[in-house]
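Everything numeric here is computed off the predicted structure, so don't read it as measured data. To find a chain, count down the sequence lines: A is the first, B the second, and so on, and within it residues start at 1.
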Amino acid sequence: MSVRVRFAPSPTGQLHVGNVRTALYNWLFARQHRGAFILRIEDTDPERSRREYEVQILDDLRWLGLDWDEGPDVGGDFGPYRQSERLALYRDYATRLLEAGWAYRCFCTEEELERERAQARAEDRPYRYSGRCRQLSEREVRERAKAGLPYTLRFRVRPGPIVWEDVVRGPIRWEAEVIGDFVILKSDGWPVYNFAVVVDDLLMRITHVIRGDGHLSNTPRQLLLYEALGATPPVFAHLSTILGADGTKLSKRHGATALREFREQGYLPEALFNFLALLGWAPPHEVGELLSREHLLELFALEKVSKAPAIFDLQKLKWMNRAYLKAKPLEDLVSAVAPYLQQAGRVPTPLDEATRAWLQRVVEAVLTHVEHLSQIVEETRIIFEYDLGTALTYPEVREVLEDAGALDVLRRMERELADVPVITTEAFREAAARVREQTGRKGRALFHPLRIALTGRPSGPELDKLVPIYEIGATLPLPRPIPSVRDRLRQFLEWAERVRAESPSR
RNA sequence: GCCGCUAUGGUGUAAGUGGUUAACACGCAGGCCUCUCAAGCCUGAGAGUGCGGGUUCAAGCCCCGCUAGCGGCACCA
């Protein structure tokens, strides 16, 4: 029988990275076995389910690079793929269980059940439904139903052990005694989760259920249902939870948790894919950890997935994302980064060719500092902003202002560059070499004042890269024009005079 | 409270059937490079495998007990 697996998110919010990892493992497993990957929407909670979330979830999964063979948008032979559209199916199966005696009508009211629960709590005893309606005679049932009393359908739990072999956990044993007769159909006719999944997985011919370990304790109930329906249950694989840095469940407290958020911050899908795959599983040492989709497909092994919960290490994600950024063609990076810069009002919105070409230099210059794309805005301030006012906050800038030798370097540099038609990196270097001869200053003493004057900051990309960026940038139709190298030197020197005049040597 | 799951450096994971100095990657520290910060390269520190017993010539791997964390115990999913 060919492999069929499913990912079944509920459209009640954004896709959590923990669920994404589950989807990923399902996808890898399906593709490895040339099986089918199915998407099913678990929207049996009409209160919280929203169609927008469903749309967003599908979109995010697609962005990550996952594709599915059957699902609400693409259809398939075992649909519909939204639980809310399968209600008749659940009712049908529930009726079958009722008629076969596996289930019974329960007329207990909310209040009665609450009383039972309170009682159990008071006696410090685990709560389990008493089974009061289990013994109702046929006549009683008929009378109550005729009286219009609402009822649920409860499953008659049989005694004895429930065992299964979990692909990641190994053998698991559960005593049925700890499970009370549970509801399978609510009084409003909607199925309860545990029942719906079994009916769906059964009808969709799911062979392997790969899901989060939160479902571990649902498994015994589901197994009981398969038993009652006379069906062979699928193979189960329960994945451990993903935790935050402090060892508690990964939540908004830890920062971004939704795939969408990482996407918006400019993490690359291939990096997230790689990173998530490594949360709970590791490839052999020899191949390293930077692995393409194809490579992961080749190496991944569900049986080798770790039982222990994994901690989401943002630092490692950043490292990995940078590795993928570095490997990406510059033109692609420019396209990826442009929206962030446009939104910040730094480059024009239909991007002209000249600016686009220039952006390649910009991206190349700041790339080593960028961990995720949205940082481009911050990292390019040194290019788009030349603000001598804030420059004063850096002690290094003050040092230059108070160093006559440094100011002399700048003045001479200005003179050397005065007649240069185009200040290229080479022209800049040559001019600097002449200043070195004139002043005897070299290395840091020579270049650091230049850096400060040109950028207004003590650190940043290499001047060799910055110089052409400033020169070309000054000629572009940017929303906020940037000054050329010459302009910067002039402005800085004028500003230096002014500042020195205002605050005489201290 | 009851039931279940888990436990190797700061983090993710390695270490076929028990066998020498517990490995790889991220991070961290230092160095090299260099006009600066990064990047890159090199070097290094960091765990004796949750705790306590046992079996054995030998235990991260086997057995027993305990602790902690997580999950579940719904007419939520």
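When distances are taken from the side chain of A308(A) to each of rG12(B), rC35(B), rA7(B), the shortest belongs to rA7(B). Residue A310(A) has its side chain nearest to rU13(B) when only rC75(B), rC35(B), rU13(B) are considered. Ranking rC75(B), rC35(B), rU13(B) by closeness to the S306(A) side chain, first place goes to rU13(B). Taking only side-chain atoms of F447(A), from C-beta outward, the nucleotide of rC35(B), rC26(B), rC75(B) with the closest atom is rC35(B). Side chain of D313(A), nearest nucleotide from rA23(B), rU11(B), rA15(B): rU11(B). Between rU36(B), rA25(B), rA77(B), one nucleotide has an atom nearer to the side chain of K186(A) than all others, and that is rA77(B). Nearest nucleotide to the side chain of V183(A), out of rA39(B), rC75(B), rC24(B): rC75(B). When each of rC5(B), rC3(B), rC35(B) is scored by its nearest atom to the side-chain atoms of V178(A), the top-ranked nucleotide is rC3(B). Candidate nucleotides rU36(B), rC75(B), rA39(B) were compared by shortest atom distance to the side chain of R154(A), and rC75(B) ranks first. In this structure, of rG71(B), rU36(B), rU6(B), it is rU36(B) that holds the atom nearest to the side chain of S459(A).
A donor-acceptor pair under 3.5 Å links the side-chain atoms of R169(A) to the main chain of H238(A), judged by distance alone.
A donor N or O paired with an acceptor N or O is not found under 3.5 Å between the base of rC5(B) and the side-chain atoms of R169(A). Side chain S187(A) to base rC75(B): a donor-acceptor pair is found below 3.5 Å. One cannot find a donor-acceptor pair under 3.5 Å joining the base of rA39(B) and the side-chain atoms of T368(A). Not a single donor-acceptor contact under 3.5 angstrom links the side-chain atoms of H238(A) to the base of rC5(B).
rG12(B) and rC35(B) are spaced 41 Å apart, taking the P atom of each and rounding to whole Å. Rounded to whole Å, the separation between the P atoms of rA47(B) and rA22(B) comes to 12 Å. Rounded to the nearest Å, the gap between the P atom of rA68(B) and that of rA23(B) is 32 Å. Comparing the P positions of rG50(B) and rU8(B) gives a spacing of 6 Å, expressed to the nearest Å. The P atoms of rG52(B) and rA45(B) are separated by 26 Å, rounded to the nearest whole Å. Only the P atoms considered, rU21(B) is 33 Å distant from rG31(B), to the nearest whole Å. Atom name C1', nucleotides rG18(B) and rC62(B): the rounded distance is 8 Å, in whole Å. Rounded to whole Å, the P atom of rC63(B) lies 43 Å from the corresponding atom of rC42(B).
Rounded to an integer number of Å, the gap from CZ of F107(A) to P of rC75(B) is 16 Å. To the nearest angstrom, P of rU11(B) lies 21 Å from CH2 of W281(A). Here rA38(B) presents its P atom at 12 Å from CD of E379(A), a figure rounded to the nearest Å. Going from atom CZ of R381(A) over to atom P of rA38(B) covers 19 Å, rounded to whole Å. The CZ atom of R444(A) sits 7 Å away from the C1' atom of rU36(B) (whole-angstrom rounding). Spacing between atom OH of Y193(A) and atom C1' of rG72(B) amounts to 13 Å, rounded to whole angstrom units. Between L299(A) atom CG and rU13(B) atom C1' there is a gap of 14 Å when expressed in whole angstrom units. Summarising the geometry, the separation between CD1 on I179(A) and C1' on rC3(B) is reported as 9 Å, rounded to the nearest angstrom.
When both distances must be under 3.5 Å, the Watson-Crick or G-U wobble mate of rC62(B) is rG54(B). In a base pair of the Watson-Crick type (N1 to N3 plus N6-O4 or O6-N4) or a G-U wobble (N1-O2 and O6-N3), with each distance short of 3.5 Å, rG30(B) is matched with rC42(B). Checking rA7(B) for Watson-Crick or G-U wobble geometry (two distances, each under 3.5 Å) identifies rU67(B) as its partner.
Counting non-hydrogen atoms under 4.0 angstrom, K304(A) reaches the backbone sugars and phosphates but no base. Counting any heavy atom pair closer than 4.0 Å across all strands shown, R451(A) reaches a base atom. When heavy atoms are screened at a 4.0 angstrom cut-off, E396(A) is found touching no nucleic acid atom at all. Across all strands, S240(A) comes closer than 4.0 Å to no nucleic acid atom at all (heavy-atom distances). Heavy atoms of R457(A) sit nowhere under 4.0 angstrom from any nucleic acid atom. Among the heavy atoms of the strands lying under 4.0 Å from I311(A) are primed sugar atoms or P, OP1, OP2 only; no base atom is included. Looking at heavy-atom distances under 4.0 Å, G214(A) makes contact with sugar-phosphate atoms alone, never a base. When heavy atoms are screened at a 4.0 angstrom cut-off, E289(A) is found touching base atoms of the nucleic acid. Nucleic acid contact for C106(A): none, since no nucleic acid atom lies under 4.0 Å from a heavy atom of the residue. Residue contacts shown for H369(A) include a base, since a base heavy atom lies under 4.0 Å away. Residue contacts shown for G180(A) are absent, as no nucleic acid heavy atom lies under 4.0 Å away. Among the protein residues, P461(A) comes within range of the nucleic acid bases, having at least one heavy atom under 4.0 Å from a base atom. Using a 4.0 Å heavy-atom cutoff across all strands shown, D464(A) reaches at least one base atom of the nucleic acid. Residue R128(A) is out of contact with every strand shown, counting any heavy-atom pair closer than 4.0 Å.
Across the interface with RNA chain B, nearest-nucleotide mapping of D43(A) and Y127(A) shows Y127(A) to be the residue nearer the 5′ end. Between L278(A) and T241(A), the one whose closest nucleotide on RNA chain B sits nearer the 5' end is L278(A).
Side-chain rings of F7(A) and Y25(A) stay apart, their centers remaining 6.0 Å or farther from each other. The distance between the ring centers of Y193(A) and H215(A) falls below 6.0 angstrom.
Within the 4.5 Å cutoff, the side chain of V305(A) has heavy atoms near those of the F300(A) side chain.
For rG60(B), the base is anti relative to its sugar; the glycosidic angle deviates from 0 by more than 90°.
No cation-pi contact links R144(A) to Y151(A), judged by a cut-off of 6.0 Å to the six-membered ring centre and 45° from its axis. Figure legend: R154(A) and Y129(A) shown as a cation-pi pair, the cationic atom lying under 6.0 angstrom from the six-membered ring centre and within 45 degrees of its axis.
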Any chance you could lay out the salt bridge (charged side-chain N to carboxylate O under 4.0 Å, His left out) test for D60(A) and R260(A), step after step, and finish with the verdict?
CA-CA 7 Å; D60(A) 286 344; R260(A) 177 60 62 118; 2.9 Å; yes

Working for side chain to side chain donor-acceptor pair (under 3.5 Å), residues Q222(A) and N194(A)
CA-CA 6 Å; Q222(A) 296 174 8; N194(A) 274 314; 2.8 Å; yes

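Note on R441(A) versus D403(A): salt bridge recorded, some NZ/NE/NH1/NH2 to OD/OE distance being below 4.0 Å.
With a 6.0 Å radius and a threshold of 12 heavy atoms from other residues, nucleotides or ligands, R361(A) has its CZ atom at or below the threshold.
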